[in-house]
Every structure is written in structure tokens, then in C-alpha cells.
**Student:** 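I'd like to ask you about the structure that follows.
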Number of protein chains: 2
Amino acid sequence: MTIAAASHQVEEHLLTPGEVATLFRVDPKTVTRWATAGRIGSIRTPGGHRRFRESEVQHLLSQLTTEAGEPARVE
Amino acid sequence: MTIAAASHQVEEHLLTPGEVATLFRVDPKTVTRWATAGRIGSIRTPGGHRRFRESEVQHLLSQLTTEAGEPARVE
DNA sequence: ATACATTCGGGTAATTTGGGAT
DNA sequence: GTTGTCCAAATTACCCGAATGT
């Protein structure tokens, strides 16, 4: 194990509401509502703005994606 | 922050059901049926609304296009 | 410190969804 | 068998002024 790995937790790339909104083709405010509703985890800056974990967002995207030819996903 | 800074991965331009419906001159609900039937891929927002890949829609449009004098394509 | 884009909040339209009947 | 319409409920989009981020 390296020294760095032993003393630091993995840095997560964070996305702004606007960036997440672009990925889903949605209004940034809608992303905020998802956070409020608990549909997506969020981190707050000291000033109160929200940030989102890129890994969680990507996981959501792949989860909610249905390819042509596949049956509509029901989970 | 600029829009371009959003991501280093390829951005997929997504269309709303209403936009796809306009392109095909069809009711938005019909587009929804296509998605349910697996004729076209779709991405769901966490709220349950559908988004469609523009590239896939354009491909479908060109597929369904028939030139004058040519036999209609049936696949 | 200045400038500018973004993201707060809230409120109110517009769109989408799903089911059912035609 | 596909498409268009009606309905109510849910989700999302646009409006504003003020605060935050870079």
C-alpha cells in the first residue's frame, strides 16, 4: 500500500447543477429538486450551492438508459 | 463556468418527447409508444420523463425516408 | 475590488406520464 | 395494429430578485 493511499480518501469529481442538467437535458432547477426529493445525493458548498458526485450521476444515467430493441425497463 | 467545461466525455445531445414528435409530425404520445415498444432507445430522468438521443432520431428519420421512384423500404 | 455567469429561493405556466375509451 | 384524443396527477420549464462562485 502506498503512503498516499493510506492517508487520503479518494477524491471524487464533483459536478455543478448546470452540468448535471446538461447530461439529462433538464433545467438546472430540476436537478435541485431531485436533490431535495432525495433522488440524488448532493454536497453543499459553504455558501449553500449544491455539487453532485460524477460517479453517482453516471450510474444513474446508465441505470435509466434503455437501448432500442430492448424491452422497456421496469425496476 | 463555461458550458464546455462540463465534461471530458462525449456529450450526447438529447431531445424531449415533444421535439421528437415535431420531427415526425406525430403526437408526443406516439413517441412514447415507440419507446415502450423498444423501437427507439430512451433515457429516463429520475422523475420518469423520457429523453431521446438526437443521433438515433436522425438515423431513424433517414431510414424511413424514401425517394420518389424508389420502392418503399420494408424491414 | 469589478465583472459576469451560475445557483440559490419562491411562484406560476407548460409538458409529460399513464390509463382508458374510441 | 397503429395513431389521436380525453383525463388527472406528477414532473418539468420559465419568471423574478438576491446571493454565491470564479
Side-chain angles (χ1 to χ4, degrees), chain A residues 9-75, chain B residues 1-67 70-75:
Chain A
Q9 88 178 39
V10 180
E11 282 237 0
E12 178 67 47
H13 188 206
L14 299 179
L15 301 177
T16 66
E19 290 167 347
V20 178
T22 299
L23 292 175
F24 281 93
R25 179 56 157 91
V26 150
D27 192 271
K29 185 157 236 173
T30 297
V31 180
T32 292
R33 294 199 208 88
W34 295 342
T36 300
R39 291 202 241 247
I40 182 176
S42 66
I43 297 175
R44 293 281 203 142
T45 67
H49 285 199
R50 277 174 263 260
R51 300 284 114 100
F52 304 90
R53 299 181 190 283
E54 183 178 34
S55 60
E56 184 179 358
V57 173
Q58 294 294 349
H59 183 248
L60 263 179
L61 268 176
S62 58
Q63 239 185 353
L64 299 172
T65 297
T66 299
E67 302 295 335
E70 293 182 355
R73 186 174 309 195
V74 183
E75 293 181 11
Chain B
M1 177 181 290
T2 61
I3 303 174
S7 164
H8 40 279
Q9 108 178 26
V10 181
E11 286 223 6
E12 192 80 55
H13 192 196
L14 300 178
L15 300 177
T16 65
E19 290 168 344
V20 177
T22 299
L23 290 175
F24 282 92
R25 270 287 228 151
V26 151
D27 192 271
K29 183 145 196 171
T30 297
V31 179
T32 292
R33 292 198 185 101
W34 294 343
T36 301
R39 287 195 230 273
I40 182 175
S42 66
I43 296 176
R44 295 282 206 137
T45 67
H49 285 202
R50 276 175 265 259
R51 299 283 113 103
F52 304 91
R53 295 191 188 85
E54 184 180 36
S55 59
E56 187 177 356
V57 172
Q58 295 294 349
H59 184 246
L60 271 178
L61 278 172
S62 59
Q63 262 189 336
L64 300 177
T65 297
T66 300
E67 301 294 336
E70 293 182 357
R73 192 176 308 189
V74 181
E75 294 181 11

**Student:** I'd like to know if the side chain of A:Gln58 reaches the main chain of A:Ser55, judged simply by a donor and an acceptor atom lying under 3.5 Å from each other, with no hydrogens or angles considered.
**Tutor:** no

**Student:** When you compare the side chain of A:Leu23 with that of A:Leu15, does any pair of heavy atoms fall below 4.5 Å?
**Tutor:**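 Yes, close enough: below the 4.5 Å cut-off.
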
**Student:** Counting just side-chain N and O atoms, does B:Trp34 come under 4.0 Å of either OP1 or OP2 of D:dT3?
**Tutor:**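 The answer is yes; a side-chain N or O of B:Trp34 sits under 4.0 Å from OP1 or OP2.
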
**Student:** Can you list everything that forms a side-chain contact (heavy atoms from CB on, under 4.5 Å) with B:His13? Sequence neighbours excluded, please.
**Tutor:**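 For B:His13, the residues satisfying side-chain contact (heavy atoms from CB on, under 4.5 Å) (neighbours in sequence not counted) are B:Glu54.
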
**Student:** What are the two closest non-hydrogen atoms of B:Pro46 and A:Leu60, and how far apart are they?
**Tutor:** CG-CD1, 4.4 Å

**Student:** With respect to the phosphate group of D:dT12, does any side-chain polar atom (N or O) of B:Thr45 fall under 4.0 Å of OP1 or OP2?
**Tutor:** yes

**Student:** Closer to the 5' end of DNA chain D via nearest nucleotide, is it A:His49 or B:Pro46?
**Tutor:**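 Looking at the nearest nucleotide for each, B:Pro46 comes out on the 5' side.
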
**Student:** Can you tell me if the side-chain N/O atoms of A:Thr32 get under 4.0 Å from OP1 or OP2 in C:dC8?
**Tutor:** yes

**Student:** Between C:dT16 atom C1' and B:Phe52 atom CZ, what is the distance in whole Å?
**Tutor:**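 Rounding to the nearest Å, CZ of B:Phe52 and C1' of C:dT16 are 10 Å apart.
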
**Student:** Between the protein and nucleotides 4-7 of chain D, which nitrogen or oxygen pairs are less than 3.5 angstrom apart?
**Tutor:**
| residue | atom | partner | partner atom | Å |
| --- | --- | --- | --- | --- |
| D:dG4 | OP2 | B:Asp27 | N | 3.2 |
| D:dG4 | OP2 | B:Thr30 | OG1 | 2.4 |
| D:dG4 | N7 | B:Arg33 | NH1 | 3.4 |
| D:dG4 | N7 | B:Arg33 | NH2 | 3.2 |
| D:dG4 | O6 | B:Arg33 | NH2 | 2.9 |

**Student:** Is the phosphate of C:dC8, meaning OP1 or OP2, less than 4.0 Å from a side-chain N or O of A:Arg50?
**Tutor:** yes

**Student:** According to a strict under-4.0 Å criterion, is A:Arg39 in side-chain N/O contact with OP1 or OP2 of D:dA10?
**Tutor:** no

**Student:** If you assign each of A:Gly47 and B:Arg51 to its closest nucleotide in DNA chain D, which residue comes earlier from the 5' end?
**Tutor:**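 Closer to the 5' end of DNA chain D: B:Arg51.
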
**Student:** Do any pairs count as a side-chain hydrogen bond (donor to acceptor under 3.5 Å, both in side chains) and have a residue in residues 36-51 of chain A, sequence neighbours left out, and if so which ones?
**Tutor:** none

**Student:** May I have the distance from B:Arg44 (atom CZ) to C:dT17 (atom P), rounded to whole angstrom?
**Tutor:** 7 Å

**Student:** Whether the side chain of A:Glu56 engages the backbone of A:Gly41 through a donor-acceptor N/O pair (distance < 3.5 Å, no angle test) should be reported.
**Tutor:**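 Yes, A:Glu56 side chain to A:Gly41 backbone: donor-acceptor pair under 3.5 Å.
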
